[in-house]
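One structure is given here, and the rest of the page talks about it.
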Amino acid sequence: MMNYKRYQRVPVVHYPEREWPNKEIEKAPIWCSVDLRDGNQALVEPMVVEEKVEMFNLLVKMGFKEIEIGFPAASQIEFDFLRQLVERKLIPDDVTVQVLTQCREHLVKRTFESIQGIKRAVVHIYNSTSTLQRDVVFHMDREEIKQIALDGVAMVKEGMKHYDGEVILEYSPESFTGTELDFALDICNAVQEAWGPTPEKKMIINLPSTVEMTTPNVYADQIEWMNKHLENRESIILSVHPHNDRGTGVAATELALLAGADRVEGTLFGNGERTGNVDVLTLAYNMFSQGIDPNLEIGDIKEIAEIYERCTKMHIDPRHPYAGKLVFTAFSGSHQDAINKGMQALMERQSKIWQVPYLPIDPSDIGREYEPVVRINSQSGKGGVAFVMDTYFGFKLPRGMHKEFADLIQRIAERQGEVAPEQIMEEFRKHYLEKKEPYHFRKCKITDFESGDEFTTVAVVTYTNHGETKQFEGVGNGPIDAVQRGLEEELGITIKVLDYSEHALASGSGAQAASYIHMMDQNSGRVTYGVGISSNITRASLRGIFSAVNRLFGDAE
């Protein structure tokens, strides 16, 4: 048995007056990307300057108005990168860069050197405040820890004397989730009092879940408690910086927004230390799926993913929400059938509201295609195969034909695994469209004779039987009936056409028609479908009849 008694529960917040459970997210927060800092420092191979420039340009293109560049005082590469952005004039006027520094004099001084020439910057200072780190890392009491933060504020103020741009102060009590709430409040109030923000010139109080320690509702309680108790709240932008140690970073962030957070720091695809930072893209797409403007340009997930993977040398999991290669894919037969019916209903009703089972958003809205929505393996069912035939190739198989063709494809899937759409179409050709042996339809002459109020159709059919050219004549009440009767007499069989359907394969005057014939061998009771295509609907029907006859009698022969 696992030694679970080594671990103890993290205390929850006694906060019965919480209000966040009754709220809804109604708008996007202020987004701050920390891909170039948290994201970069967590890479096995950190980005070089040009890769950082490419990532920065992507973030700007996506609409991030606040971007944390890094820790320029601690790394020459990060210092040089920031200077590149300045000298190459790559920072748009409406984008605020953010730089991180510890509360140490030489680091703060170097930080101000790095931002010279930038019109507006967020200077982000932090120090760890948690009970555990005060004990085992710093060996300091509360007042000593608070003094570190206040000294940091004084250092930033000193640096501003030689800086002609605008500085926005951000303060983070690092490891906030492991800090007593009363102390977190005390240190944050002391910092903002020392800085002196106003409603016109706000500062940022950032409450990081540096290590995710418990369930998301507890983080929401902590955020709401701080939101309601912070002094001078109207002069503060309340920010969160969640990590994902328990795998609930997205949920914790969404609940924190309900609890009063104004701003979110996160990364693309959740890249960051350990299990990562909160995934900004998942948050933004979640909002989009609820009809909320995410205030980010995220309509081309493929481009975002390509640049991300190239710059970070990380790979996106195929099950990653929204971006993963398999997230808009259904292998399950029941899922495929529901998607197929949902898509058909959407088109038939011409609805402006997206409602398709198993697809929370339209893949095309974020630059994905419909093609991967249904993929066929041994777990797939009739609906999936029919969906592929319709979506990829335009064949709207009759409902009764779904199982017949799907059974054929499933046998292949059981042997080899996934079956590609192209292979499905090839099997369709082989078993239906090109089922021309032993009886191959060649041509037919149709003549109608009027007798009173009724018409009689005479069909003269030329075909090959085992390669030998032959001809027969049939009489009936239409072309299909006439050819059926003629075949029965010619081949000595007894057949019945149970159903017939047709549709155009493409628009335009030169479009081909597809014809489906459901046929029974009345002697054995066996039934099957035949399919024919032609630019002439009658010829398509007759080819369908021969296809069905070959499937019923040619296979047995």
Side-chain angles (χ1 to χ4, degrees), residues 30 32 34 36-37 56 65-129 138 140 143-174 186-206 208 230-239 241 263 265:
I30 301 166
C32 177
V34 293
L36 294 166
R37 200 268 294 179
F56 179 81
K65 301 305 179 187
E66 297 184 9
I67 302 172
E68 188 165 84
I69 298 304
F71 203 147
S75 166
Q76 188 63 43
I77 290 178
E78 294 190 9
F79 187 97
D80 292 342
F81 166 56
L82 183 48
R83 298 314 303 163
Q84 286 260 350
L85 295 181
V86 176
E87 292 162 12
R88 292 163 63 176
K89 296 180 169 53
L90 295 175
I91 305 172
D93 289 341
D94 63 345
V95 171
T96 302
V97 296
Q98 178 169 305
V99 286
L100 181 74
T101 180
Q102 291 174 321
C103 301
R104 297 179 185 175
E105 188 173 357
H106 70 288
L107 295 178
V108 174
K109 183 179 178 181
R110 180 68 165 162
T111 298
F112 273 93
E113 291 175 10
S114 75
I115 61 174
Q116 290 300 323
I118 296 175
K119 294 179 181 179
R120 184 177 60 257
V122 173
V123 176
H124 182 186
I125 61 173
Y126 73 99
N127 65 310
S128 188
T129 60
F138 299 103
M140 291 182 176
E143 289 303 312
E144 290 173 308
I145 292 292
K146 182 165 71 174
Q147 191 59 48
I148 292 174
L150 294 176
D151 290 344
V153 174
M155 293 170 195
V156 174
K157 284 189 170 184
E158 182 65 26
M160 288 174 62
K161 293 178 180 178
H162 309 286
Y163 178 68
D164 53 11
E166 178 188 354
V167 167
I168 301 166
L169 181 71
E170 174 175 348
Y171 174 69
S172 291
E174 189 195 5
D186 181 36
I187 196 168
C188 288
N189 280 338
V191 166
Q192 68 95 8
E193 183 179 355
W195 180 255
T198 66
E200 294 72 35
K201 290 191 174 183
K202 300 182 180 184
M203 72 167 292
I204 300 166
I205 294 291
N206 185 53
L230 278 167
E231 295 175 2
N232 199 18
R233 177 65 179 87
E234 68 279 3
S235 301
I236 292 170
I237 296 170
L238 188 59
S239 176
H241 181 111
R263 179 178 184 267
E265 294 185 349

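Predicted, not measured: the structure shown is a model, and the values here were computed from it. When a residue number appears, it is its place in the shown sequence, counting from 1.
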Could you grab the distance from atom SG of Cys188 to atom CD1 of Ile236, nearest 0.5 Å is fine? 8.0 Å

Using modelled atom types and a 3.5 Å cut-off, is there a donor and acceptor pairing between side-chain atoms of Asn232 and backbone atoms of Glu193? no

Considering non-hydrogen atoms only, spot the tightest contact between Ala190 and Leu150 and give its length. O-CD2, 3.5 Å

Straight-line distance of Ile204 CD1 to Ile30 CD1, nearest 0.5 Å: 7.5 Å

Side chains of Pro208 and Pro173: closer than 4.5 Å at any heavy-atom pair? yes

Side chain Arg110, main chain Glu113, donor-acceptor under 3.5 Å: no

Neighbour count above 12 (heavy atom, 6.0 Å) for Asp93 CG: no

How close do Lys146 and Ile187 get, counting heavy atoms only, and between which atoms? CA-CD1, 3.6 Å

What's the shortest heavy-atom distance between Phe79 and Pro72, and which atoms? CB-O, 3.4 Å

Over 12 foreign heavy atoms within 6.0 Å of CD1, Ile77: no

OG1 on Thr101 to CZ on Phe112, rounded to 0.5 Å: 9.5 Å

Would you mind reporting whether Leu85 and Arg88 have side-chain heavy atoms less than 4.5 Å apart? no

Working for side chain to side chain contact (heavy atoms under 4.5 Å, CB included), residues Gln147 and Asn127: CA-CA 10 Å; Gln147 191 59 48; Asn127 65 310; over 6 Å; no

Would you call Glu265-Arg37 a salt bridge at under 4.0 Å N-O? no

Evaluate the criterion side chain to side chain contact (heavy atoms under 4.5 Å, CB included) for residue pair Ser172 and His241; output intermediate values, then yes/no. CA-CA 9 Å; Ser172 291; His241 181 111; over 6 Å; no

Among Arg120, Met203, His124, Lys201, find the residue that satisfies the side chain to side chain contact (heavy atoms under 4.5 Å, CB included) test when tested with Ile168. Arg120

For Met140 versus Ile148, what's the shortest heavy-atom pair and its separation? SD-CD1, 3.7 Å

Answer whether the closest heavy-atom distance between the side chains of Asp151 and Cys103 falls below 4.5 Å. no

So do the side chains of Val99 and Phe71 get within less than 4.5 Å of each other, counting heavy atoms only? no

Smallest separation among heavy atoms of Thr198 and Ser235, with atom names: C-OG, 3.1 Å

Contacts of Glu87 meeting side-chain contact (heavy atoms from CB on, under 4.5 Å) (sequence neighbours excluded), chain-then-number -> Arg83

Give a yes or no answer on whether the side chain of Tyr126 reaches the backbone of Glu170 with a donor-acceptor pair at less than 3.5 Å. no

Distance in Å, Glu66 CD paired with Asp94 CG, rounded so as to fall on 0.5 Å steps: 11.5 Å

Answer yes or no: is there a side-chain heavy-atom contact under 4.5 Å between Ile69 and Glu78? no

Taking NZ in Lys65 as the centre, count heavy atoms belonging to other residues, nucleotides or ligands within less than 6.0 Å. Is the count above 12? yes

Cut-off 3.5 Å, side chains only: do Gln76 and Asp80 have a donor facing an acceptor? yes

For a 4.5 angstrom cut-off between non-hydrogen side-chain atoms, does Val34 reach Leu100? no

Any donor-acceptor N/O pair, Thr129 side chain to Glu174 backbone, under 3.5 Å: yes

Backbone N/O of Ile205 and side chain of Arg263: donor-acceptor pair under 3.5 Å: no

4.5 Å side-chain heavy-atom contact, Ile125 and Met155: no

Does Glu105 CD have over 12 foreign heavy atoms under 6.0 Å away? no

Check: Trp195 and Tyr171 side chains under 4.5 Å, non-hydrogen atoms: no

Might you work through the side chain to side chain contact (heavy atoms under 4.5 Å, CB included) test for Leu238 and Arg233, ending with a clear yes or no? CA-CA 9 Å; Leu238 188 59; Arg233 177 65 179 87; 3.4 Å; yes

